Amino acid sequence: MLVRTGSCLCGSVTFRVEGDFDGFFLCHCSRCRKGTGSAHAANLISAAAELTWLSGRENVTSYKVEGTRHARSFCARCGAPVPDVQGDGAWITVPAGSLDGDVGLRPDAHICLASRADWDEGLEWVPGMGGLPG
């Protein structure tokens, strides 16, 4: 059984996920773009994996957009996304970037492309830098 650990940006929230992920999706919906401030969310989904909070559970805040299935959890201290239990406990969503090590998986699909940001096309042609500019 795979065991992965993760944390928020400030390190106050730490967690462990035991088990396999059912999917790895890059969601381009407008809610995920707003929630991440980026082109898409990168979320791992599992109906079978077990989430254990190792520290800082009291710092986890959750938000659900009324009338939708969209929900997210984040550290109340630093604002970094952390796992969220969804569907009345039916599955967990784990932000891929919150894991401490390599994810070990490739994304399964880009989803909600109808909502894709207009600037999020052809990015493979944008020059890359090994560090910060300047």
Side-chain angles (χ1 to χ4, degrees):
M1 177 182 302
L2 287 174
V3 177
R4 295 176 175 95
T5 59
S7 58
C8 66
L9 188 60
C10 71
S12 66
V13 176
T14 61
F15 60 90
R16 178 178 61 236
V17 178
E18 295 182 56
D20 295 325
F21 292 110
D22 302 320
F24 184 2
F25 301 104
L26 306 178
C27 184
H28 295 264
C29 80
S30 61
R31 293 180 186 112
C32 281
R33 288 190 287 115
K34 290 276 187 188
T36 63
S38 187
H40 57 75
N43 289 319
L44 299 149
I45 310 296
S46 181
E50 185 176 321
L51 171 66
T52 304
W53 299 105
L54 301 176
S55 67
R57 174 65 181 104
E58 67 280 3
N59 292 326
V60 176
T61 299
S62 297
Y63 175 75
K64 183 174 184 339
V65 178
E66 269 190 60
T68 73
R69 294 185 336 180
H70 186 84
R72 61 185 299 267
S73 291
F74 51 93
C75 173
R77 291 183 65 197
C78 67
V82 296
D84 189 62
V85 178
Q86 297 183 341
D88 293 325
W91 73 89
I92 60 171
T93 299
V94 179
S98 70
L99 295 176
D100 291 331
D102 291 336
V103 173
L105 302 169
R106 297 282 302 159
D108 293 306
H110 287 270
I111 60 173
C112 298
L113 286 174
S115 298
R116 188 178 200 172
D118 62 349
W119 51 269
D120 183 31
E121 291 191 41
L123 296 181
E124 63 275 11
W125 303 111
V126 175
M129 298 178 195
L132 297 173

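The figures that follow rest on heavy atoms only: side chains count, while hydrogens, waters and symmetry mates do not. Just so you know, these numbers come straight off a predicted model, no measurement behind them.
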- Task: Measure the shortest side-chain to side-chain distance between V82 and W53 over non-hydrogen atoms and say whether it is less than 4.5 angstrom.
- Result: yes
Residue K34 excluded, over 12 heavy atoms near NZ under 6.0 Å
no
T14 and S55: side chain donor to acceptor below 3.5 Å: yes
Open item on the list: Please check this pair: side chain of R33 against backbone of H28, looking for a donor-acceptor N/O pair closer than 3.5 Å.
Closed with: yes
(message) Just so I know, are the side chains of F15 and D100 near enough to count as touching, which here means a heavy-atom distance under 4.5 Å?
(response) no
Flag yes if more than 12 heavy atoms outside R116 fall under 6.0 Å of its CZ atom; otherwise flag no. yes
Q. Are there more than 12 heavy atoms of other residues, nucleotides or ligands under 6.0 Å from atom CG of D102?
A. no
For this session: Taking R31 for its side chain and H70 for its backbone only, find out whether a donor-acceptor pair lies under 3.5 Å.
Result: no
Do the side-chain N and O atoms of N43 and T93 include a donor-acceptor pair separated by under 3.5 angstrom?
no
_I'd like to know if the side chain of R77 reaches the main chain of C8, judged simply by a donor and an acceptor atom lying under 3.5 Å from each other, with no hydrogens or angles considered._
no
Quiz item: Take atom CD in E124; do more than 12 heavy atoms of anything else shown fall under 6.0 Å from it?
Solution: yes
Value for OG1 (T52) from CZ (R16), rounded to nearest 0.5 Å, stands at 4.5 Å
message = Using side-chain contact (heavy atoms from CB on, under 4.5 Å), reason through S12 and C78 one step at a time and then give a plain yes or no.
response = CA-CA 9 Å; S12 66; C78 67; 5.9 Å; no
Original post:
Under 3.5 Å, is there a donor-acceptor pair linking the side chains of H40 and D120?
Top reply: no
